[in-house]
Amino acid sequence: MKKRVTAIALIAILVIGIFALAGCGSKESGGGDAAPAEEGGTFVVGLDDTFAPMGFRDESGEIVGFDIDMATAVAEKLGMTPEFKPIDWDAKEMELNSGNISCIWNGLSITPERMENMALSNKYLNNQIVVMALKDSDVDVKSTEDLANLKVGTQVDTSAVTLMEADPNYEMFKDNISEYDTYDLAIMDLKAGRLDVIVVDQVLGEYTNNNLGGEMKECSFAFGDDYYVIGFKKDNTELRDKVNEALKALIDDGTAAEISEKWFGKNIVVFEPIE
């Protein structure tokens, strides 16, 4: 009896194997997409969907923005389908390393930690960290020494905070700084007179100011450049390199400049290696 059961089982296995092989042949001949996301198929972009104008939701709830347009154009160059996945920004590296997303593309600044933990693209956009005040005020910051006499607002855990902390005069004005969960909250307090200035990403500050009808102005002093890059899983340099090639092609054919003009009114796209 045991020998007969074994024989039947072997026959069943052989039959299943034949059908499995036939199934594989059918998928291949039918053009099924068996390639991993890194080589084709879906290009999953992880983002914080509240960071205008890089990636955010419009009035109809659709995710739009400069990075959205650029990522869509890159995906087209790569023959891939873009998918935009809102993530917890604090968990972005976990999302990347778990394979839930192909990259982090949403106004990502360069930091030593990110250089260590991710494969980063070339710099693709020249943002700055600027100081903004209300247009009808007489406030104009000409150096960080001026901040010692002003109420300063910014967003927590941003490049603005990092650059302020690195400034030689930080001890003079650190007690004047209020950190908010979002830049929008800081701008509300600026408009209400509870702040004298905000320290903010130029791309966000200018975009918001345009929507406010020009209620703010940039001060004479700026903290400096804050280039944006795209973050990939540390060992996924192949996809990083392909995206770099696509970015360069978009710059060469003028597409990147058109997208920049659409969102910023000027071309601030760059293509520079990280030093």
Side-chain angles (χ1 to χ4, degrees), residues 47-68 86-90 106-109 125-226 228 262-266 268:
L47 74 153
D48 168 10
D49 62 354
T50 65
F51 186 39
M54 308 310 291
F56 64 105
R57 293 188 183 274
D58 63 13
E59 294 178 355
S60 64
E62 182 181 356
I63 297 178
V64 298
F66 171 82
D67 280 341
I68 306 305
I87 58 173
D88 179 351
W89 195 246
D90 291 336
N106 192 212
L108 184 72
S109 302
L125 188 138
N126 184 12
N127 177 47
Q128 285 195 324
I129 301 301
V130 299
V131 183
M132 301 189 77
L134 289 179
K135 184 178 180 179
D136 59 2
S137 75
D138 58 1
V139 174
D140 183 25
V141 175
K142 297 180 178 179
S143 75
T144 51
E145 292 180 2
D146 295 338
L147 297 177
N149 302 311
L150 300 173
K151 291 174 287 185
V152 183
T154 193
Q155 180 173 316
V156 66
D157 194 27
T158 58
S159 293
V161 174
T162 300
L163 289 179
M164 282 193 285
E165 290 175 346
D167 189 86
N169 295 319
Y170 178 64
E171 292 296 323
M172 296 174 57
F173 62 83
K174 68 176 184 179
D175 293 335
N176 299 350
I177 302 172
S178 297
E179 296 184 12
Y180 296 78
D181 288 339
T182 67
Y183 279 127
D184 287 344
L185 293 174
I187 291 170
M188 286 175 59
D189 269 7
L190 177 68
K191 292 175 61 179
R194 289 185 284 271
L195 295 173
D196 298 306
V197 295
I198 58 170
V199 181
V200 61
D201 289 62
Q202 186 179 44
V203 293
L204 184 145
E206 288 186 352
Y207 181 82
T208 303
N209 194 36
N210 288 336
N211 288 340
L212 292 174
E215 293 183 22
M216 299 186 295
K217 63 182 179 182
E218 287 187 24
C219 295
S220 301
F221 173 82
F223 277 90
D225 293 329
D226 177 40
Y228 288 162
K262 170 186 173 181
W263 288 101
F264 308 121
K266 55 187 176 182
I268 57 174

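In this structure the side chain of Glu206 never reaches within 4.5 angstrom of the side chain of Asn209, judged on heavy atoms. Residues Asn169 and Leu147 fail the side-chain proximity criterion, which asks for heavy atoms closer than 4.5 Å. For the pair Phe56/Ile63, no side-chain contact is recorded, criterion being any heavy-atom separation below 4.5 Å from C-beta on. Residues Asp67 and Trp263 form no side-chain contact, since every pair of their non-hydrogen atoms from C-beta on lies 4.5 Å or further apart. The shortest side-chain heavy-atom distance between Arg194 and Ser178 does not fall under the 4.5 Å cut-off. Residues Val203 and Met54 meet the side-chain proximity criterion, which asks for heavy atoms closer than 4.5 Å. Counting heavy atoms from C-beta outward, Phe264 and Pro53 have side chains that approach closer than 4.5 Å. Between Leu150 and Phe173 there is no side-chain heavy-atom pair separated by less than 4.5 Å.
A donor-acceptor contact shorter than 3.5 Å links the side chain of Thr154 to the backbone of Val199. Side chain of Asp146 to backbone of Lys142: a donor-acceptor contact under 3.5 angstrom is found. Without hydrogens or angle criteria, Asp48 side chain to Asn106 main chain gives no donor-acceptor distance under 3.5 Å. Put simply, the side chain of Gln155 gets close to the backbone of Tyr183: a donor and an acceptor are under 3.5 Å apart. Asn126 places no side-chain N or O within donor-acceptor distance of the main-chain N or O of Ile268, the cut-off being under 3.5 Å.
Here the CG-NZ distance, from Asn176 to Lys151, works out to 10.0 Å after rounding to the nearest 0.5 Å. With rounding to the nearest 0.5 angstrom, the CG atom of Leu134 is 4.0 Å from the CG atom of Leu190. Distance check: Met216 CE to Ile187 CD1 gives 4.5 Å after rounding to the nearest 0.5 Å. Atoms CD and CD, from Gln128 and Glu218 in turn, are 8.0 Å apart once rounded to the nearest 0.5 Å. Expressed to the nearest 0.5 Å, how far CD of Glu165 lies from CD of Glu171 amounts to 10.5 Å. How far CD1 of Ile129 is from CG of Asp226: 4.5 Å, rounded to the nearest 0.5 Å.
Aromatic rings from Phe66 and Tyr207 are positioned such that their centres are separated by 6.0 Å or more.
Within 6.0 Å of CG in Asp181 there are 12 or fewer heavy atoms belonging to other residues, nucleotides or ligands.
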For this session: Run the numbers on Val141 and Val197 for side-chain contact (heavy atoms from CB on, under 4.5 Å), then give the verdict.
Result: CA-CA 9 Å; Val141 175; Val197 295; 4.1 Å; yes
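For the ring-ring contact (aromatic ring centres under 6.0 Å, His included) test, no residue two or more places apart in sequence or in another chain qualifies with Tyr228. Taking the salt bridge (charged side-chain N to carboxylate O under 4.0 Å, His left out) definition, one finds that Glu215 meets it with Lys191, sequence neighbours left out.
Sequence neighbours left out, not one pair with a member in residues 140-159 passes ring pair (Phe, Tyr, Trp, His ring centres under 6.0 Å).
Donor-acceptor pairing under 3.5 Å is recorded for the side chains of Asp201 and Asn127.
Considering Val131, Ile177, Asp196, Asp175 in turn, Ile177 is the only one that fulfils the side-chain contact (heavy atoms from CB on, under 4.5 Å) rule with Val152.
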